[in-house]
Amino acid sequence: MSVFNDSEVKFFLLIGIPGLEHAHIWISIPICLMYLVAIIGNCTILFIIKTEPSLHEPMYYFLAMLAVSDMGLSLSSLPTMLRIFLFSAMEISPNACFAQEFFIHGFTVMESSVLLIMSLDRFLAIHNPLRYSSILTSKTVAKVGLILAIRSIILVLPFPFTLRRLKYCQKNILSHSYCLHQDTMKLACSDNRINFIYGFFVALCTMLDFMLIALSYVMILSTVLSIASLAERLKALNTCVSHICAVLTFYVPIILLAAMHRFAKHKSPLVVILIADMFLLLPPLMNPIVYCVKTRQIREKVLGKLLHKCGR
């Protein structure tokens, strides 16, 4: 039986940007454009990788996984973000809220996992290029992708079920334009220790991914410095630039939010909300742009497709 039969709270209220409610319709324009560019950009990446046999390599398969997780983040947050900024519709049912936070956290964990495996891919390509193709075969990449998807689902699957067990009394205003586990559980008037402990465990898993990424780059740097030729060093490092940008775009907002919640005594709610919104908007927007600009093979294929269509 659902706890909501005995609860006073029948719906949650999401918020837009406090103090700028009168400008929500104008704010919706750049938000819509960001979503549009993110979806088109990631669809383009997936289409190019699928249709070009020359890109059927481990690096691009992992890039496709990154594009899928970016698409998931965009599509998970898009419904409530646009409802709030376009139509001022703040209400969301508990079940819809729990479903949204499951997908948002699931694709967040997946993106973190993909960024980790991409860093290991770069280390292997630089440290042992002769065995790279024999180690990372198509079958191995497929198995890795399946493991990442299963890991993401298993880690966040308890979230909606543990949230449903809580009782929500009177307080129903959430802190963002979308549902998050830690935000929703704070509204509960029943014991939420299990939710707090498990949420902290999932956050630690994400931070462990970040630490392993940092460790992989220490090993990459050590390998690059052992290369005699300066030109070869720069060439090797250049293959990592796009991935470094993706890592920074994804993890910097997470670290900033965690630091503000932990250390900032007089943090601005507006700044917290803007950083939280950027966390879901920026990675799906920036990753396709960065990879198209910095990865020659992707850039050439995209331009080739565009010029071919224009020349018809």
Side-chain angles (χ1 to χ4, degrees), residues 1-16 31 35 68-113 148-206 253-254 257-258 261 269 272-273 275-281 283-284:
M1 181 180 294
S2 172
V3 296
F4 294 102
N5 293 334
D6 301 318
S7 172
E8 295 181 19
V9 172
K10 303 301 180 185
F11 57 85
F12 296 128
L13 287 176
L14 299 165
I15 63 171
I31 289 177
Y35 273 120
V68 169
S69 60
D70 281 336
M71 287 277 290
L73 278 177
S74 293
L75 295 175
S76 299
S77 58
L78 183 142
T80 53
M81 291 275 280
L82 294 190
R83 282 177 63 234
I84 290 169
F85 289 102
L86 282 175
F87 308 109
S88 297
M90 310 292 186
E91 295 183 8
I92 184 171
S93 68
N95 287 335
C97 186
F98 300 157
Q100 184 183 48
E101 62 87 19
F102 168 77
F103 286 109
I104 287 177
H105 287 292
F107 283 111
T108 299
V109 172
M110 183 176 175
E111 179 134 355
S112 177
S113 304
L148 295 183
I150 292 173
R151 176 190 188 241
S152 304
I153 294 171
I154 289 176
L155 273 178
V156 303
L157 189 59
F159 280 172
F161 297 103
T162 55
L163 286 174
R164 280 184 62 85
R165 295 185 61 196
L166 299 177
K167 192 170 183 179
Y168 302 89
C169 313
Q170 297 180 345
K171 293 193 300 181
N172 68 339
I173 301 178
L174 296 167
S175 304
H176 302 292
S177 306
Y178 48 85
C179 294
L180 293 177
H181 175 262
Q182 61 269 30
D183 196 20
T184 307
M185 73 177 185
K186 290 178 182 178
L187 300 181
C189 55
S190 56
D191 187 3
N192 63 1
R193 280 178 295 181
I194 293 176
N195 298 72
F196 177 81
I197 292 170
Y198 189 73
F200 184 68
F201 168 73
V202 174
L204 282 181
C205 290
T206 305
I254 295 178
L257 280 174
H261 282 298
V272 172
I273 289 170
I275 294 175
D277 287 347
M278 288 303 101
F279 159 65
L280 288 187
L281 289 169

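Please read all numbers here as calculations on a predicted model, not as lab measurements. Side chains are part of it too, since the values below use all heavy atoms of this structure and drop only hydrogens, waters and symmetry mates.
Rounding to the nearest 0.5 Å places OG of Ser190 at 8.0 Å from NZ of Lys167. For the atom pair CG of Leu187 and CG of Leu163, the computed distance is 10.0 Å after rounding to the nearest 0.5 Å. If you take CG on Leu13 and NZ on Lys171, they are separated by 14.0 Å, rounding to the nearest 0.5 Å. We find the CG-CG distance between Leu166 and Asn195 to be 4.5 Å, quoted to the nearest 0.5 Å.
Side chain of Asp183 to main chain of Ser175: a donor-acceptor pair is present (N/O by atom type, distance under 3.5 Å, no hydrogens or angles). Put simply, the side chain of Asn192 gets close to the backbone of Met185: a donor and an acceptor are under 3.5 Å apart. Checking side-chain atoms of Ser112 against main-chain N and O of Thr108 turns up no donor-acceptor pair under 3.5 Å. A donor-acceptor pair under 3.5 Å links the side-chain atoms of Asn172 to the main chain of Phe11, judged by distance alone.
Across every non-hydrogen atom of Ile275 and Pro253, the tightest pair is CG2-O, 3.7 Å. In terms of heavy-atom proximity, Pro284 sits nearest to Ser74 at CB-OG, 3.1 Å. Closest non-hydrogen pair, Leu157 versus Phe102, comes out as CA-CE1, 3.8 Å. The shortest heavy-atom contact between Ser113 and Leu148 is CB-CD2, 3.5 Å. Closest heavy-atom contact between Ser177 and Met81: CB-SD, 3.3 Å. The shortest heavy-atom contact between Phe85 and Gly16 is CZ-CA, 4.0 Å.
Aromatic ring orientation, Phe159 versus His181: parallel (interplanar angle below 30°, classes split at 30° and 60°).
Side chains of Tyr178 and Ile92 form no contact here, defined as non-hydrogen atoms less than 4.5 Å apart. Between His176 and Leu14, every side-chain heavy-atom pair lies at or beyond the 4.5 Å cut-off.
Among residues two or more places apart in sequence or in another chain, the side chain to side chain contact (heavy atoms under 4.5 Å, CB included) test is passed with Phe200 by Leu204. Considering only residues two or more places apart in sequence or on other chains, Ser76 meets the side chain to side chain contact (heavy atoms under 4.5 Å, CB included) condition with Phe103, Ile104, Phe107. Contacts of Glu111 classified as side-chain hydrogen bond (donor to acceptor under 3.5 Å, both in side chains), with partners at least two apart in sequence or in another chain: Ser69, Asn287. Taking Cys189 as the reference, Cys169 meet the disulfide (SG to SG under 2.5 Å) condition, with sequence neighbours excluded.
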**Request:** Test Thr162 against Tyr198 for side-chain contact (heavy atoms from CB on, under 4.5 Å), laying out the working first.
**Result:** CA-CA 10 Å; Thr162 55; Tyr198 189 73; 6.0 Å; no

**Item:** Full working for side-chain contact (heavy atoms from CB on, under 4.5 Å) between Arg164 and Asn95
**Value:** CA-CA 8 Å; Arg164 280 184 62 85; Asn95 287 335; 2.3 Å; yes

**Item:** Chi angles and distances behind the side-chain contact (heavy atoms from CB on, under 4.5 Å) call for His105, Gln182
**Value:** CA-CA 11 Å; His105 287 292; Gln182 61 269 30; 3.6 Å; yes

**Asked** When you look at Thr184 and Tyr168, which way does the side-chain hydrogen bond (donor to acceptor under 3.5 Å, both in side chains) test go after all the steps?
**Response** CA-CA 9 Å; Thr184 307; Tyr168 302 89; over 6 Å; no

**Request:** Start with the C-alpha distance between Tyr35 and Leu281, add both sets of side-chain angles, then the distance that settles side-chain contact (heavy atoms from CB on, under 4.5 Å), and finish with yes or no.
**Result:** CA-CA 7 Å; Tyr35 273 120; Leu281 289 169; 3.6 Å; yes

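Applying the side-chain hydrogen bond (donor to acceptor under 3.5 Å, both in side chains) test to residues at least two apart or on different chains, the pairs with a partner in residues 78-88 are Thr80-Gln100. Evaluation of the salt bridge (Lys or Arg N to Asp or Glu O under 4.0 Å) test over residues 189-203, restricted to residues two or more places apart or in two chains, returns Asp191-Arg193.
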